[in-house]
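In what follows, residues are counted from 1 in the order of the sequence shown. What you see is a predicted model; the values in this text were computed from it and never measured.
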Amino acid sequence: MRNIILALGAIALSLSATFAISQTAEHPNFPVVVLDRQEGIIAIVGRIDFRTPLAFEKTLSEVPNVSALVLDSPEGGVHSALSIANRVRGLGLTTVIGTDSQCMSACAFIFLAGTARLAWGELGVHQISGSDGDGNLVDGQFALAEIIEALDEFDAPTELIGLMLRTPPENMYTLSSQEKRQFGFLANEKELATAPQTPTPRVDLADPETWRGKVVTGELVSSGKRWFAALNLDGTTVFEFTSGQRSAGRYIVSDGNVCFKLDNNNHFDCRRPVSSPTGIRWYDEKGNFQSLIIGVENSKIAVTQKTRNVPAGVSDYIRPGECALIVASRPTVIEARNYVFANVSDRRFLKAFRSKNGWIAISIGTLKPHEVDTVLTEWKQAGRIPLDSYCSTGRAYQGIVNLGIN
């Protein structure tokens, strides 16, 4: 950790030049850039918009050993920032704001998601803005309760959340050095020099020997749906299928293969990751591949973290990494039914959820992270959905409500 942080101190000095470069052949995923491929250090420089989560995922696929994220961003979309923040937390990344850098507004969500956090530069917070800076409505896209719950999962200091909620959106509260030290966001050179060094294991998507104690994420080629396999250090495994069903058992890694023995099976089924121009292919024993390996996360509980606060019925509809487009909430089933009959003509993906406060949230479908800001802004402007519509991860829901509508 010490070597990485010391390297970050030097790398952060070049961020202003990186910002000026913008998107080039050297930085195809701008505003996400690679600063040190060997140490696994990447950065987000500039505004965070609906394209940034996809750029972040592309960069992760190119730097599978990512260990730290440097931030230099003046603002961004709430959902895009929270989407990246959840990935940062799942990967167990260190987040850093360089000496001459800033992390303001929605960028702060990403910074607070780091398992280790260093703010040498400016860190600013405020309430959710009613505009994303381009004149597009964004208020209501995320329920405030969900933002607070996410920050709570990130172990964000309660006092800092209070500062955020008390600062009007037109203002910015910039933390002082004393406050950053109080919250544990600062470390001086003496502290770094004496800090114990923990070797960061390298992760190779094509080498399953580096996967032990981590969660493997795969994606079906046919549908794009994802599955997760937790490879625990004790040889046990939990496999979550695209349907949401889970199987448990044991696994072994041998000669480049990962072999699973799940549930009541009497034999091991083996798979081998193989590098190809289209990604890491996941071959079975017959030489067929139906999935691509797209990530290996550091935390062995990442799978359960993604759904730990989402009841089974809700998580069947709101898949990990996605959110439900909520167009209205009503206190009773009758009022929810009446709203649907009067306002929702396309009911193919209609679902209703019981919130913790007893109200019923009405959803007309789910969205992927890179779709949210664009869909919400364009549909609101076109009048397709109410202006107070938002996208929910389902954490605040207790179950599905049957409205009796076919």
Quiz item: From Thr174 OG1 over to Met104 CE, what is the distance, rounded to the nearest 0.5 angstrom?
Solution: 4.0 Å
Self-check item: Main-chain N/O of Ala55 paired to Thr59 side chain as donor or acceptor, under 3.5 Å
Solution: yes
Quiz item: Do the side chains of Leu160 and Leu112 get nearer than 4.5 Å, heavy atoms only?
Solution: yes
Exercise. Any chance you could measure Asp284, atom CG, to Gln290, atom CD, to the nearest 0.5 Å?
Key: 7.0 Å
Quiz item: Is there a donor-acceptor pair under 3.5 Å between the side chain of Thr167 and the backbone N or O of Gln127?
Solution: no
Self-check item: Ion pair check, Asp155 and Arg117, cut-off under 4.0 Å
Solution: no
Exercise. Please name the pair of heavy atoms, one in Ala361 and one in Ser329, separated by the smallest distance, quoted to 0.1 Å.
Key: CA-OG, 3.8 Å
Quiz item: Should Phe30 and Val45 be marked as a side chain to side chain contact (heavy atoms under 4.5 Å, CB included) after you check the CA-CA gap, both sets of side-chain angles, and the distance that decides it?
Solution: CA-CA 8 Å; Phe30 192 88; Val45 290; 3.4 Å; yes
Self-check item: Minimum-distance pair of heavy atoms, taken over all atoms of Val258 and Pro208
Solution: CG2-CB, 3.2 Å
Practice problem: Could you pull out the closest heavy-atom pair between Val125 and Ala108, with the gap in Å? | Solution: CG1-CB, 3.9 Å
Quiz item: Looking at side-chain heavy atoms only, is the closest gap between Lys261 and Ile252 below 4.5 Å?
Solution: no
Quiz prompt | Close side-chain approach of Ser105 and His126, heavy atoms under 4.5 Å | solution = yes
Quiz item: Applying the salt bridge (charged side-chain N to carboxylate O under 4.0 Å, His left out) test to Glu57, which of Arg87, Arg51, Lys368 qualifies?
Solution: Arg87
Quiz prompt | Trace of the side chain to side chain contact (heavy atoms under 4.5 Å, CB included) decision for Ile84 with Ile44 | solution = CA-CA 10 Å; Ile84 295 171; Ile44 296 177; 4.2 Å; yes
Quiz item: Which atoms form the tightest heavy-atom contact between Ala106 and Ala81, and what is the distance?
Solution: O-CB, 3.3 Å
Quiz item: Can you find a pair of side-chain heavy atoms, one from Pro273 and one from Leu205, that are under 4.5 Å apart?
Solution: no
Quiz prompt | Flag, side chain of Asp36 to backbone of Glu39, donor-acceptor distance under 3.5 Å | solution = yes
Self-check item: Reported CG-to-CD distance for the pair Leu123 and Glu179, which is rounded to 0.5 angstrom
Solution: 10.0 Å
Exercise. Could you give me the CA-CA distance, side-chain angles and deciding distance for Phe349 and Leu325, then say whether side chain to side chain contact (heavy atoms under 4.5 Å, CB included) is met?
Key: CA-CA 10 Å; Phe349 307 107; Leu325 176 52; over 6 Å; no
Quiz item: Name the one of Phe183, Phe154, Phe185 that satisfies ring pair (Phe, Tyr, Trp, His ring centres under 6.0 Å) with Phe111?
Solution: Phe185
Quiz item: CG of Leu54 to CG of Asp49: how many Å apart, nearest 0.5 Å?
Solution: 11.0 Å
Quiz item: Does CD belonging to Gln178 count more than 12 external heavy atoms closer than 6.0 Å?
Solution: no
Self-check item: Main-chain N/O of Glu209 paired with Asp207 side-chain donor or acceptor, under 3.5 Å
Solution: yes
Quiz prompt | Test item: Arg330 and Arg337 side chains (from C-beta on) under 4.5 Å apart, heavy atoms | solution = no
Quiz prompt | Whether Asn65 side chain and Arg37 backbone form a donor-acceptor pair below 3.5 Å | solution = yes
Self-check item: Approximate separation, where rounding is to 0.5 Å, of Ser67 OG and Leu93 CG
Solution: 7.5 Å
Quiz item: Is a donor on one side and an acceptor on the other found under 3.5 Å between the side chain of Thr237 and the backbone of Arg250?
Solution: no
Exercise. State, with a plain yes or no, whether a side-chain heavy atom of Phe289 is found less than 4.5 Å away from one of Ser276.
Key: no
Exercise. Looking only at non-hydrogen atoms, find the nearest pair between Val63 and Gly40 and report the distance.
Key: CG1-CA, 4.0 Å
Quiz item: Between Ser80 (side chain) and Gly77 (backbone), is there a donor-acceptor pair under 3.5 Å?
Solution: no
Quiz item: Distance from Tyr251 atom OH to Asn232 atom CG, nearest 0.5 Å?
Solution: 7.0 Å
Quiz item: Below 4.5 Å, heavy atoms only, C-beta onward: do Leu91 and Leu60 meet side chain to side chain?
Solution: yes
Practice problem: Please confirm whether the backbone N or O of Asp72 pairs with a side-chain atom of Ser101, one donor and one acceptor, at under 3.5 Å? | Solution: no
Self-check item: Verdict with reasoning, Phe353 to Ile360, per side chain to side chain contact (heavy atoms under 4.5 Å, CB included)
Solution: CA-CA 5 Å; Phe353 304 100; Ile360 298 169; over 6 Å; no
Quiz item: What is the minimum heavy-atom distance between Tyr397 and Ser355, and which atoms define it?
Solution: CE2-OG, 3.4 Å
Exercise. For the pair Ser363 (side chain) and Ile326 (backbone), establish whether a donor and an acceptor sit closer than 3.5 Å, ignoring hydrogens and angles.
Key: no
Quiz item: Do Asn343 and Val327 have side chains that get closer than 4.5 Å, going by heavy atoms?
Solution: no
Quiz item: For Ile294, does its backbone N or O pair with a side-chain atom of Ser61 as donor and acceptor, under 3.5 Å?
Solution: no
